[in-house]
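First up is the structure itself, then whatever we jot down about it.
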Amino acid sequence: MTYSGAVEVGGPADVHELADLMISKVAVGPMNNNAYLLRCRATDEQLLIDAAAEPHTLLALIGDSGIASVVTTHQHADHWGALGEVVAATGARTYAGREDAEGIPVATDVLVDDGDTIRVGRVELTARHLVGHTPGSIALVYDDPHGHPHVFTGDCLFPGGVGNTHDDPKAFASLIEDVETKIFGTLPDETWVYPGHGNDTTLGTERPHVAEWRKRGW
């Protein structure tokens, strides 16, 4: 079946099958958070992005093979609600942005900075530090050698705009600058965007509206 990225809490995962990587997307919790399970097709090693809620749902998605690591995109509680239970059940290594780690009540094993590489099997993800939604939010970029890039943006980029900066002009200016420079400025229109909530999009769909976002200030 064709991947759409449209998932609902309580519903099945949607699976994006790439040449080297399998991406399973599931919606969990009262805030309809997206969690993403990445599996290297060469090694079967798995990595989870945002153990947001419903540990039973996430552990069922992970399955008996377990996970090597969990990346938390940022410190807001709806993105780490199941982290402690998932780590306890799997022994996974934890990753988070350096500036957000203190706000996550599960110990971070690896502090992530801009440009760092995070591996899942033979697949490499590049972290991009995006400041504004939180001080240490990170996005993860997979530059698929067999196709277009894929980027997991947490709450920094959604269909229709950047993440909430709580009416703080400085935070908004920082976030839109980082998103425009580090995401739109380095990746092509074909790049698939996997946000922390809701439906997926592409950079090509959103790019024509970035100037409008700047003007409106959110």
Side-chain angles (χ1 to χ4, degrees), residues 7 9 13 21 23-39 45-59 61-62 66-120 123-142 150-158 162-166 171 175 178-179 182-183 193-198 200:
V7 293
V9 174
L21 187 68
I23 303 168
S24 297
K25 177 182 180 179
V26 66
V28 292
M31 296 186 71
N32 294 281
N33 285 75
N34 296 326
Y36 300 94
L37 181 68
L38 280 54
R39 177 170 64 84
E45 184 173 299
Q46 296 190 124
L47 174 151
L48 182 68
I49 299 174
D50 284 345
E54 299 181 27
H56 57 285
T57 298
L58 299 180
L59 291 170
L61 181 67
I62 290 165
I67 52 173
S69 47
V70 184
V71 179
T72 302
T73 58
H74 63 289
Q75 65 181 323
H76 287 161
D78 59 309
H79 289 260
W80 49 253
L83 182 60
E85 290 173 82
V86 168
V87 169
T90 63
R93 184 185 314 111
T94 55
Y95 293 77
R98 182 177 300 275
E99 291 79 5
D100 270 17
E102 287 189 2
I104 300 169
V106 178
T108 298
D109 297 320
V110 182
L111 299 173
V112 180
D113 295 310
D114 189 62
D116 283 356
T117 297
I118 300 173
R119 293 179 173 82
V120 51
V123 170
E124 293 188 351
L125 309 170
T126 301
R128 306 306 310 188
H129 181 205
L130 307 173
V131 182
H133 182 66
T134 66
S137 289
I138 54 172
L140 298 177
V141 179
Y142 170 51
H150 300 255
V151 57
F152 302 87
T153 56
D155 284 1
C156 288
L157 177 63
F158 296 98
V162 296
N164 191 349
T165 52
H166 308 285
L175 181 57
D178 277 358
V179 167
K182 297 179 181 180
I183 303 298
V193 177
Y194 306 82
H197 305 261
D200 299 356

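Only a predicted model underlies this, so the values are computations on that prediction, with no experimental measurement involved. Starting from 1, each residue takes its place in the sequence as its number.
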- request: Nearest 0.5 Å please: distance from the CG atom of L48 over to the CG atom of L59.
  value: 9.0 Å
query: Say you draw a straight line from OG1 of T72 to CG of L83; how long is it, rounded to the nearest 0.5 Å?
result: 4.5 Å
- prompt: Tell me the salt bridge (Lys or Arg N to Asp or Glu O under 4.0 Å) pairs involving residues 93-113, sequence neighbours left out?
  reply: R98-D113
- prompt: What residues form a salt bridge (charged side-chain N to carboxylate O under 4.0 Å, His left out) with D116, not counting sequence neighbours?
  reply: none
- prompt: Any salt bridge (Lys or Arg N to Asp or Glu O under 4.0 Å) pairs touching residues 128-138, not counting sequence neighbours?
  reply: D114-R128
field: Partner set under side chain to side chain donor-acceptor pair (under 3.5 Å) for Y194, not counting sequence neighbours
entry: H16, H150
message: So, applying side chain to side chain contact (heavy atoms under 4.5 Å, CB included) with I118, which one of V112, I49, V123 is it?
response: V112
field: Nearest non-hydrogen partners of A139 and V151, listed with the distance
entry: CB-CG2, 4.2 Å
- prompt: Does a side-chain heavy-atom distance below 4.5 Å link T73 with F152?
  reply: no
- request: Quick one: pull up NE2 in H76 and CD1 in I104 and give me the separation to the nearest 0.5 Å.
  value: 10.5 Å
message: H197: which residues meet the ring-ring contact (aromatic ring centres under 6.0 Å, His included) condition with it, sequence neighbours left out?
response: H79
- line: Heavy atoms of S137 and H129 approach each other most closely as O-CD2, 3.4 Å
query: What closest approach, in Å, do V7 and V26 show between heavy atoms, and which atom pair accounts for it?
result: CG2-C, 4.1 Å
field: From T90 atom OG1 to L58 atom CG, the distance as rounded to the nearest 0.5 Å
entry: 10.5 Å
field: Side-chain (Q46) to main-chain (R39) donor-acceptor, under 3.5 angstrom
entry: no
message: Determine whether a donor-acceptor pair (N or O, by modelled atom type, separation under 3.5 Å) exists between the side chain of E124 and the backbone of T117.
response: no
- prompt: Do V71 and L47 come close enough that some side-chain heavy atom pair is under 4.5 Å?
  reply: yes
- prompt: Quick one: does C156's side chain get under 4.5 Å of V162's, heavy atoms only?
  reply: no
- request: Decide side-chain contact (heavy atoms from CB on, under 4.5 Å) for R119 and E45; before the verdict, give the C-alpha distance in whole Å, the side-chain angles of both, and the deciding distance to 0.1 Å.
  value: CA-CA 10 Å; R119 293 179 173 82; E45 184 173 299; 5.7 Å; no
message: Show the nearest heavy-atom pair for residues V120 and L38, with the distance to one decimal.
response: CG2-O, 3.9 Å
- prompt: Are the side chains of L37 and I62 in touch, meaning some heavy atoms are under 4.5 Å apart?
  reply: yes
message: Is it the case that the side chain of D50 and the backbone of Y36 share a donor-acceptor pair, with hydrogens and angles ignored and the cut-off at 3.5 Å?
response: no
message: Rounded at 0.5 Å granularity, tell me how far NE2 in H133 sits from CG in D155.
response: 4.0 Å
query: Would you call V106 and W80 a side-chain contact if the rule is heavy atoms closer than 4.5 Å?
result: no
message: Ignoring hydrogens, what is the shortest heavy-atom contact between L111 and A101? Give both atom names and the distance.
response: CD2-CB, 3.4 Å
message: Whether the side chain of D178 engages the backbone of V131 through a donor-acceptor N/O pair (distance < 3.5 Å, no angle test) should be reported.
response: yes
task: List in chain and number order the residues that pass side-chain contact (heavy atoms from CB on, under 4.5 Å) with A53, two or more places apart in sequence or in another chain; answer none if no residue qualifies.
output: V28
statement: Taking every heavy atom of T108 against every heavy atom of Y95, the minimum-distance pair comes out as CG2-C, 4.0 Å
- request: Answer whether the closest heavy-atom distance between the side chains of L157 and V193 falls below 4.5 Å.
  value: yes
